Amino acid sequence: MTLCHIAIIMDGNGRWAKKRLLPRVAGHVRGVKRVKDAVEYCINNGIEYLTLFAFGRENWARPEEEVSFLMKLLSEQIRKEFYKLNEKGVRIRFIGDKSRLNKVILDQINDIQNVTSNNTNLKLNIALDYSGTYDIIQAVNNIIKDKRQTITEQEFEKYLLTFPDPHPDLLIRTSGESRLSNFMLWQSSYSECYFTPKLWPDFTKREMELAVNWFKTRERRFGRTSEQLKDS
Ligand code: IPE
Ligand code: IPE
Ligand code: MG
């Protein structure tokens with residue numbers, strides 16, 4: 001079964017830290033290691049697309065200190081690590097609203113996107129200031145601007161922030177929650193969803209492999225019957 005696109009809701013950093021009597025932000029710092037693991041796993045295993053939910057639009061509601069720590073951590077990672085990914089042929093793209101991001105981060109984002117735009121080894125999307133409902137609404141608003149009266153599903157797709165990437169085949173959420181928390185609502189319509197109790201800072205390459213092995217056992221019917229799939 002082809003596994004082309006993995007999407008991950010990286011959750012549980014705060015709880016990981018709390019268990020160790022550390023401040024929540026220590027969990028975010030450890031979570032960065034797992035981001036590197038996930039990217040390496042995808043490069044080494046020929047996964048073409050990886051989308052990581054790094055910061056949701058609803059996450060602005062968190063305490064100001066935590067939000068600014070996360071922004072600083074991201075800025076530091078772009079500066080220190082993301083250019084190394086360019087050498088590995090990774091295309092980096094940020095998807096989300098972005099209107100509330102500060103100018104320093106916006107400039108960094110634009111630069112890394114430009115530098116890596118022609119890379120083809122792994123296509124990495126970082127969902128930042130993203131939400132699935134926002135994705136759909138911004139699409140609708142652009143459709144209105146284009147003065148369209150009616151639209152097909154295929155045409156609608158072109159307005160989504162993830163276009164032209166395919167939908168995720170495998171959607172992973174860590175930390176034991178079994179909800180999507182407003183992530184890729186349209187695009188996850190036929191994703192295989194893997195919910196694991198592992199907290200994101202504990203989600204090693206081995207855990208990623210377990211998720212992928214689980215995916216391989218799924219029968220993706222897309223509305224058909226099992227018998228139809230066996231016949232074809
Ligand atoms: C995910 O971990 C990281 C972000 C949402 C930025 P959390 O910070 O949500 O960790 P928990 O869910 O509180 O454990
Ligand atoms: C989802 O995690 C967002 C990210 C992983 C970036 P949350 O921790 O914000 O989700 P809820 O609030 O538990 O649904
Ligand atoms: Mg959480």
Side-chain angles (χ1 to χ4, degrees), residues 5-39 41-42 49-78 81-82 92-102 105-106 108-109 124-138 160-162 165 168 170-188 191-204 207-208 211:
H5 185 173
I6 299 179
I8 311 180
I9 303 172
M10 310 181 290
D11 195 18
N13 295 351
R15 278 163 282 173
W16 182 92
K18 196 173 176 193
K19 265 178 33 188
R20 288 162 180 78
L21 306 177
L22 294 169
R24 289 179 54 82
V25 292
H28 298 318
V29 172
R30 181 55 66 99
V32 168
K33 276 188 199 283
R34 302 289 93 91
V35 170
K36 286 184 198 162
D37 280 357
V39 169
Y41 179 91
C42 290
Y49 299 87
L50 173 66
T51 301
L52 300 174
F53 199 9
F55 189 87
R57 280 184 108 226
E58 284 82 5
N59 292 135
W60 293 108
R62 291 194 179 194
E64 214 277 310
E65 310 84 71
E66 183 169 342
V67 171
S68 61
F69 186 93
L70 282 165
M71 292 299 155
K72 258 194 264 157
L73 190 63
L74 172 71
S75 172
E76 184 187 281
Q77 285 306 308
I78 300 177
E81 301 294 335
F82 280 31
I92 300 171
R93 179 170 69 147
F94 285 81
I95 56 170
D97 179 357
K98 299 181 191 162
S99 64
R100 280 174 283 185
L101 299 176
N102 75 42
I105 291 201
L106 275 176
Q108 283 184 300
I109 285 176
L124 173 64
N125 294 314
I126 311 276
L128 177 69
D129 195 8
Y130 177 89
S131 80
T133 45
Y134 168 77
D135 197 353
I136 292 166
I137 283 296
Q138 67 77 36
L160 291 171
L161 297 170
T162 45
D165 297 358
L170 170 62
L171 192 155
I172 297 170
R173 181 173 189 148
T174 58
S175 90
E177 311 297 352
S178 29
R179 55 178 173 256
L180 295 182
S181 299
N182 213 346
F183 185 51
M184 295 182 106
L185 299 180
W186 173 285
Q187 297 89 335
S188 64
S191 302
E192 297 295 330
C193 298
Y194 181 83
F195 297 105
T196 168
K198 284 277 167 190
L199 302 174
W200 177 249
D202 294 325
F203 197 78
T204 55
E207 292 299 325
M208 187 87 156

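Atoms within each ligand, like the ligands themselves, are counted from 1 in listed order. Quick caveat: nothing in here was measured; it's all calculated off a predicted structure.
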Residue-level breakdown please: for K18 versus ligand 1, do any non-hydrogen atoms fall below 4.0 Å on the side chain, on the backbone, on both, or on neither?
neither
Among protein heavy atoms, which lies nearest atom 1 (C) of ligand 1, and at what distance?
M10 O, 3.0 Å
R20 charged N/C atom sitting above W16 aromatic ring, 6.0 Å / 45°:
yes
Report whether any nitrogen, oxygen or sulfur of D11 sits less than 2.8 Å from the Mg ion (ligand 3) (N, O or S, backbone or side chain).
yes
Exam field: side chain N125 to backbone T51, donor-acceptor pair closer than 3.5 Å:
no
No-hydrogen, no-angle side-chain donor-acceptor test under 3.5 Å, S75 and Q108
yes
Counting only N and O atoms by type, is there a donor-acceptor contact under 3.5 Å from the side chain of R173 to the main-chain atoms of R179?
yes
Is it the case that the side chain of S191 and the backbone of P168 share a donor-acceptor pair, with hydrogens and angles ignored and the cut-off at 3.5 Å?
yes
Side-chain (D135) to main-chain (Y130) donor-acceptor, under 3.5 angstrom:
no
Can you pull out the closest protein heavy atom to atom 4 (C) of ligand 2? Residue, atom name and distance to 0.1 Å, please.
F53 CD2, 3.8 Å
Ligand 2 contact by R173, heavy-atom criterion under 4.0 angstrom
yes
Tell me which protein heavy atom sits closest to atom 6 (C) of ligand 1, plus the residue, atom name and distance to 0.1 Å.
A54 O, 3.4 Å
For D37, enumerate each residue passing the salt bridge (charged side-chain N to carboxylate O under 4.0 Å, His left out) test, keeping only those at least two apart in sequence or located in another chain.
R34
Atom 14 (O) of ligand 2: the protein heavy-atom neighbour that sits closest, reported with distance to 0.1 Å
S181 OG, 2.6 Å
Which ligand 1 atoms does H28 reach within 4.0 Å, using its non-hydrogen atoms?
3 (C), 8 (O)
Is T174 reaching over with its side chain to a backbone N or O of D11, donor-acceptor style, under 3.5 angstrom?
yes
Nearest neighbour of atom 13 (O) of ligand 2 from the list R15, E58, R179, on a heavy-atom basis
R179
So is R62 close enough to ligand 2, meaning a heavy atom under 4.0 angstrom away?
yes
Can you tell me if G12 contacts ligand 1 (heavy atom of the residue under 4.0 Å from the ligand)?
yes
For N59, counting its heavy atoms only, list the atoms of ligand 2 lying under 4.0 Å from any of them.
3 (C), 6 (C), 9 (O)
Are the side chain of R24 and the backbone of E66 linked by a donor-acceptor contact shorter than 3.5 Å?
no
Kindly say whether T162 contributes a backbone atom to a donor-acceptor pair with the side chain of R93 at under 3.5 angstrom?
yes
Ranked by distance from atom 10 (O) of ligand 1, the top protein heavy atom is G14 N, 2.9 Å
Report yes or no: does a heavy atom of E177 sit under 4.0 Å from some atom of ligand 2?
no
Ligand-side contact atoms (ligand 2) for residue partner F55, heavy atom cut-off under 4.0 Å
6 (C)
Nearest neighbour in protein (non-hydrogen) for atom 7 (P) of ligand 1:
D11 OD1, 3.5 Å
